[in-house]
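Step one of this worksheet: look at the structure below.
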Amino acid sequence: MNLFFRKKYPEFWQKYAATFKEKIPSLYQEIRFVIFDTETTGLDFKKDKILSMGAVAVLNSSIWVADSFECFVHQTTFDRKTVEIHGIRKEGIHKISEEKAIQEFLDFIKNAVLVGHHIDFDVQMMNIALKNLGLPTLKNTTLDTGNLHKKTMIDATDAHFSLDELLEIYNIAPHDRHNSLGDAFLTAQLFLKIIKKLSKNNTLSIAYLKRPAKRIGLI
Amino acid sequence: MNTITYRIKDFLKENHPFSFLTSDEQFLIAKNITIRYYEVNELIFEIEKPVNTHFYLVKEGAVGLYAQNNQLTEQCDEGDLFGLRAIIRKDNYKLTAKALEECILYTIPFEMYDEILSINTEVTQFIISNFASNLIAYEKHSDSQKTIISEEELTAKYSKNPVTCVKETTIKEAALLMTERKVGSIIIQENNFPIGIITDKDFRTKIATGKVEISSVVNEIMSSPVICVSEKITVAEAQIVMLKNKITHLCITKSGKNKEEIKGVLSEYDIILIRENNPSVLIKQIKRSHSTEELKKIRIQASELLKRYLFQELDIDFICKIISEINQVITARIIEMAIEKLNQKPPVLFSWISLGSQGRKEQLLLTDQDNAIIFEDSKNNDENRWYFLRLAEIVTQNLHEIGFEYCPANMMASNKEWCLSTNEWKEKYHSWISKPIPENILFCTIFFDIETIFGDGKLEKEVQNSIEKYLQVYPIFTNFLALNSTQNPPPLGFFRQFLLEESGEQKEQFDIKSRAMMPLVDAARLLSIHLQINEKNTLARFRALIMKEPQNEEVYSMCFEAFKTLLKYRTKYGLLKNNSGRFIDLNALNKSEKLQLKVCFKAVKEIQSVVVNRFKLANFM
């Protein structure tokens with residue numbers, strides 16, 4: 001991209017973008033990972049909206065409770081059906097506009113490596129929200145716990161693992177499931193356990209973590 | 001505040017010492033926590049290394065703290081704090097922490113201790129008492145050494161009823177007297193004052209060599225004057241006098257003068273007894289005893305020995321062997337005495353059998369007597385039974401006098417139900433094994449662990465062989481036995497429950513025998529029968545199981561250790577409360593003991609799941 005064509009973005013985006021001037025550390029322990037999850041009104045990118053966002057940081061193999069983020073997005077339309085799954089009711093919780101939520105979220109994640117379960121969906125949801133605000137897509141490197149789990153197995157199949165399945169495999173009690181920060185916290189525990197497993201036979205680098213599971217046997 | 005902080009705060013408020021804090025303080029701590037995951041055996045911190053800036057709270061799993069010699073000194077489970085002592089002291093770590101299981105740990109910055117925990121008195125009291133209970137466990141060893149030293153200063157116990165004779169007694173008469181009383185010395189007295197002494201050695205050096213005639217009088221061979229000491233002499237002093245004079249016997253008089261009345265004799269033998277409290281000496285004493293009174297005294301001495309062994313932290317397996325041997329010899333001596341009293345030899349061969357815990361040689365305390373008789377078959381079975389019932393009547397009564405209570409269920413040889421001929425026993429076992437109703441299973445759990453105490457072992461062997469045969473004919477019986485052995489699951493909620501009760505200051509008694517020991521005993525017996533292991537003792541059974549099935553070594557050695565721990569507790573508390581030790585007052589346990597108990601319950605759980613899987617009990621229930 002040419003500097004001359006750059007649009008003038010709002011200050012919060014510029015601040016976010018500036019964090020990427022700093023290179024991601026090569027040592028796994030020094031990388032700030034942000035495990036994040038969004039709850040949405042549905043699975044349709046065109047129609048559905050973000051209800052809430054939750055994120056928590058992992059640094060040096062520890063989950064940092066103080067470094068966590070949670071927000072609920074004010075909805076213009078209200079769909080009764082989704083309420084039953086997520087338990088986010090219209091009243092009672094302090095909610096902010098989508099723009100404010102995204103602003104706070106970018107301020108929180110900075111240049112962290114984003115981790116999530118089937119993260120592509122959440123990133124896509126975020127990107128659409130960003131697009132609606134006339135902003136570019138997220139700049140962060142992303143890792144998918146589904147893929148990371150597959151990397152722990154010698155015989156990587158194409159099997160698809162739901163978060164619930166992985167929680168059971170890794171013996172994590174599913175507290176606060178279907179609450180975005182709750183899910184992010186569970187995914188963070190999952191991430192710690194998977195990373196511990198992977199670190200046994202490998203020097204963990206972002207390149208290694210990003211590489212799809214299937215290629216393990218080839219390299 | 002967000003979802004995670006709420007979740008962590010909820011955990012904190014359930015656990016001491018955080019429970020003493022206000023909700024806001026709990027939130028503040030929750031917010032400052034980081035969460036870590038450790039795999040089994042992963043190092044958390046290392047001994048002698050500089051301290052971290054945080055301490056730890058176990059969220060899930062268990063952590064072991066190890067001392068220098070890699071010895072496990074403490075186990076931390078869910079809700080326990082560790083790694084705080086070193087930080088408070090601002091010193092290097094004094095222990096190594098390693099994950100015993102997969103763990104989720106909360107790490108709490110030290111500032112939280114400084115700013116919140118340390119200013120709350122309830123919290124600091126809890127933390128201090130926690131440290132203290134661990135310190136006691138740690139320093140017990142050095143304490144026991146102190147007791148050994150103080151033993152030296154104790155007054156020596158001497159025989160107060162010495163064998164004496166007058167100087168005109170012939171050497172032969174004196175020798176007969178000593179033989180009859182089973183002693184190694186005789187004091188020659190005049191007006192009750194000691195004038196000389198003869199010991200075994202004199203017979204060897206003066207008579208057997210032909211120097212002096214056997215028909216001569218004692219006067220000619222006695223050593224004179226006799227070395228006398230005061231009745232207040234200590235063990236150490238007595239030993240010095242013996243060494244100095246190269247003698248093995250001292251005469252005790254009131255103040256240690258020769259012109260005083262004889263109070264008793266102190267032999268080198270007695271010194272060994274006190275010093276080493278040598279069990280072989282106790283056994284010799286039993287063999288030369290002539291009354292239940294004497295035996296009762298010896299049994300009390302055996303209890304003293306037991307106390308000391310426990311205090312010295314000797315291996316419980318070893319203690320068990322010694323005490324069982326003493327009990328066995330006492331019973332055998334009582335039977336000998338009873339036969340003498342009946343003045344009639346047993347009409348046929350017989351075995352006096354111990355049952356249950358006595359049969360397994362796991363009885364350390366004076367508990368109920370459980371015994372039976374097997375006698376050889378003949379035409380006169382009923383007549384012979386009458387003899388053995390009379391014999392058993394005397395024996396059980398004497399055992400009772402010594403301190404072994406009568407069996408409340410009357411499972412004693414004096415009951416004609418349990419005084420049977422070899423063939424009658426075989427029929428009995430057949431009736432139990434062929435019909436595995438609960439009552440019969442219960443009998444088997446008692447009567448499968450039998451041990452000959454007195455008499456001919458071949459009768460027991462014959463009965464044992466027929467048991468093995470019946471078990472093969474009725475394989476379903478083993479499944480019922482397996483089912484029975486898993487009927488008493490371990491109290492898994494034990495800990496949480498306990499904390500609640502503690503805060504409510506309710507006294508709670510815990511049945512350590514049926515809830516923790518019996519399940520292990522039952523499983524060991526069952527698996528031994530299943531794998532044809534010929535051991536009776538539970539520890540020996542687990543040891544044999546480890547050899548036979550190395551793939552299950554982990555579970556079996558866990559059970560082995562657990563049983564040792566439980567046996568030790570039961571004995572310790574039994575001695576303390578002067579009862580069978582079956583019920584333990586939970587409030588009397590310190591923290592490390594509670595944790596050890598928890599590990600024992602885990603062993604019970606593991607072995608029961610081995611049994612459930614092996615005998616496919618899931619379908620059976």
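Each chain gets a letter, A, B and so on, in the order the sequences are listed, and its residues count up from 1.
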Practice task
Identify the two heavy atoms, one from A/E98 and one from A/A129, that lie closest to each other, and give their separation to 0.1 Å.
Solution key: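 In terms of heavy atoms, the two residues are closest at OE1-CB, 3.8 Å.
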Handout entry: Minimum heavy-atom distance A/M125-A/I50, with the two atoms named
Key =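 Where A/M125 meets A/I50 most closely, the heavy atoms are O-CD1, 4.0 Å.
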Quick one: donor-acceptor pairs under 3.5 angstrom, chain A versus chain B?
residue	atom	partner	partner atom	Å
A/S62	OG	B/R36	NE	3.1
A/S62	OG	B/R36	NH2	3.4
A/I63	N	B/I35	O	2.8
A/I63	O	B/I35	N	2.8
A/V65	N	B/I33	O	3.2
A/A66	N	B/K31	O	3.1
A/S68	OG	B/N2	ND2	2.8
A/E70	OE1	B/T3	N	3.2
A/E70	OE1	B/T3	OG1	3.4
A/E70	OE2	B/T3	OG1	2.5
A/D176	OD1	B/R7	NH2	3.2
A/D176	OD2	B/R7	NE	3.0
A/D176	OD2	B/R7	NH2	3.4
A/N179	ND2	B/T3	OG1	3.2
A/K196	NZ	B/Y37	O	3.0
A/K196	NZ	B/E42	OE1	3.2
A/K196	NZ	B/E42	OE2	2.8
A/K200	NZ	B/E39	OE1	2.9
A/K200	NZ	B/E39	OE2	3.2

Exercise for the section: Would you indicate whether the side-chain heavy atoms of A/I119 and A/F36 approach each other to under 4.5 Å? Expected result: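 Heavy-atom side-chain distance check passes, below 4.5 Å.
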Handout entry: Heavy-atom contact with chain B under 4.5 Å, split by part of A/V58
Key = neither
Exercise for the section: Only pairs at least two apart or in different chains count here, so list each salt bridge (Lys or Arg N to Asp or Glu O under 4.0 Å) that has a residue in residues 111-128 of chain A. Expected result: none
Problem - Counterpart residues, side-chain hydrogen bond (donor to acceptor under 3.5 Å, both in side chains), relative to A/S97 (two or more places apart) - result: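 Checked A/S97 against side-chain hydrogen bond (donor to acceptor under 3.5 Å, both in side chains); zero matches.
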Practice task
Using side-chain hydrogen bond (donor to acceptor under 3.5 Å, both in side chains) as the criterion, list what pairs up with A/N111, not counting sequence neighbours.
Solution key: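 Counting only residues at least two positions away or on another chain, A/N111 forms no side-chain hydrogen bond (donor to acceptor under 3.5 Å, both in side chains).
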Exercise for the section: Let me know if B/L105 has heavy atoms under 4.5 Å from chain A in its side chain, its backbone, both or neither. Expected result: neither
Handout entry: Option from A/I109, A/I24, A/L106, A/T19 for which side chain to side chain contact (heavy atoms under 4.5 Å, CB included) with A/N140 holds
Key =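 Result for side chain to side chain contact (heavy atoms under 4.5 Å, CB included) with A/N140: A/I109.
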